[in-house]
Amino acid sequence: MSYLDRIRACNAHRPENFRPFAVASRQVGWIRHAFARSLERFPRVFTVTDSRVSLADDLLTFKSRTDALDEVVRGLVEEGRIARYLGERYPVTADGREQALLLLDRAAAPHFGIRAFGQHLNGYVRRDGATLMWVARRALNKWNFPGKLDNLVAGGLPYALSLNENLRKECREEASIPAALVDRARPVGAVSYCLETDAGLKPDTMYCYDLELPVDFEPRAGDGEVEGFELLALERVAELVRETEEFKMNCDLVVIDFLIRHGFIGPHEPGYLELVRGLRRRPQPARGTRGD
C-alpha cells in the first residue's frame, strides 16, 4: 500500500454514472441516473432530461428553492430512497459556501452530488524533540465508519455557522478543547476529493487546521461520537495511513497533507508531485461526461 493509494481511493468515481444538476442555469452537483429518474415524479420541482436535472425555473428565491427541495427530501426519506434526515443544512453552491443558492439536508448531499464542506483539525504535541499526534477513535454506534480512526476533531460545516463558530463548537463537543485554546489553531489550507459512494457523489472540501497542544493536555469526548483518543508518534500515524485502513478515508488525506507540510513526506517520496496535486482534486467529475 502507499499514500497514493489512499488518495486514489478517495477519488474513485465513474463520471459516466452521473448527469449534471443545475440551479438557476448554474451547475451545482451531479446526480446518478437512476436517482434522476426517481425525481421525474416531482415536475413542479425538477426538470429532468436524459442529459441533466434542473431545479424548476419558477423557484426563484433562496427560500422557495430550499423549501421545495426539503419537502422532496423528506418524502424520499420516508420511502427509504434516502437513508435518513439529519436536520443539518448544507449550502448548495457552484462556488464557495458564501454563494449558496439554497440549502439541502446533509444526508441528501451525496444524492445530489453537491459540494459539501467540513473542518478537520490536526492536534499534535512536541515532546523531547519528537512530534506526536492525537487521533480519535469513532464511536462504534456511528452510522458511518464506526470504530475508525479520525482526526482529533472533524465535522461538517453547516450553513448557519461561521468557520470560527463551527470550529469552536466541534472542538468543544468532540474533544472538550476550550475556546481560548481552539483560537490558537492555525488554518493551513484545504483538501478536496471526489468519491462515488452507494448514495451518490461526494465532491467534498475540508478546511484544515493545525493546533499544537500543551504536553499535559488530554482531550475528552463530549458528545458520544468518539470512543476515545490516542497520542501516537507521527511515524506510527504515517504507518497506519500508509499500510492499513484504520483511518476514515478522508482523514487519510488530512494526515497526508500534515505529513507533507511538516516535512515528514519529502520530495524523495515516490510520486511526490502526484501526492501534492492529488490532495486538491477538482471537486466534480472530469469534463466530457454525459450532459456536458
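Please read all numbers here as calculations on a predicted model, not as lab measurements.
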Asks: Under 4.0 Å between a side-chain nitrogen and a carboxylate oxygen: does that hold for Asp105 and Arg74?
Replies: no

Asks: Are the side chains of Ser192 and Arg280 in contact, using a 4.5 Å heavy-atom criterion?
Replies: yes

Asks: Could you verify whether a donor N or O on one side chain and an acceptor N or O on the other, from Asp67 and Ser64, lie under 3.5 Å apart?
Replies: no

Asks: Mind telling me whether Trp134 and Phe229 have parallel, tilted or perpendicular rings, with 30° and 60° as the class edges?
Replies: perpendicular

Asks: Are Arg106 and Pro158 packed together at the side-chain level, in the sense that at least one heavy-atom pair is separated by less than 4.5 angstrom?
Replies: no

Asks: With sequence neighbours excluded, tell me which residues meet side-chain contact (heavy atoms from CB on, under 4.5 Å) with Ala185.
Replies: Leu121, Leu167, Tyr209, Leu211

Asks: Is atom CG of Asn144 surrounded by more than 12 heavy atoms (other residues, nucleotides or ligands) closer than 6.0 Å?
Replies: yes

Asks: Taking the side chain as every heavy atom from C-beta outward, state whether Lys169 and Gln119 have any atom pair closer than 4.5 Å.
Replies: no

Asks: Could you tell me whether the side chain of Asp210 reaches within less than 4.5 Å of the side chain of His262, counting heavy atoms only?
Replies: yes

Asks: Residues two or more places apart in sequence or in another chain: which of them pass salt bridge (charged side-chain N to carboxylate O under 4.0 Å, His left out) with Arg137?
Replies: Glu230, Glu246

Asks: Is it the case that over 12 heavy atoms from other parts of the model lie below 6.0 angstrom from the CG atom of Asp198?
Replies: no

Asks: Please determine if Arg236 and Glu239 form a salt bridge, counting it only when a charged side-chain N lies under 4.0 Å from a carboxylate O.
Replies: yes

Asks: Asp150 versus Glu174: any side-chain heavy-atom pair under 4.5 Å?
Replies: no

Asks: Show which side-chain atoms of residues 39-48 pair as donor or acceptor with protein atoms under 3.5 Å away, not counting sequence neighbours.
Replies:
| from | atom 1 | to | atom 2 | distance (Å) |
| --- | --- | --- | --- | --- |
| Arg41 | NH1 | Glu79 | OE2 | 3.4 |
| Arg41 | NH2 | Glu79 | OE1 | 2.5 |
| Arg41 | NH2 | Glu79 | OE2 | 2.7 |

Asks: Between the main-chain N or O of Ile7 and the side-chain N or O of Asn11, is there a donor-acceptor pair closer than 3.5 Å?
Replies: yes

Asks: Report yes if some heavy atom in the side chain of Arg19 is under 4.5 Å from a heavy atom in the side chain of Thr49; otherwise report no.
Replies: no

Asks: If you draw the axis of the six-membered ring of Phe35, does the NZ or CZ of Arg81 fall within 45° of it and under 6.0 Å from the ring centre?
Replies: no

Asks: So do the side chains of Tyr193 and Arg281 get within less than 4.5 Å of each other, counting heavy atoms only?
Replies: no

Asks: Under 6.0 Å from the CD atom of Glu245, do we count more than 12 heavy atoms belonging to anything else shown?
Replies: no

Asks: Can you tell me if Arg220 has over 12 outside heavy atoms packed within less than 6.0 Å of its CZ?
Replies: no

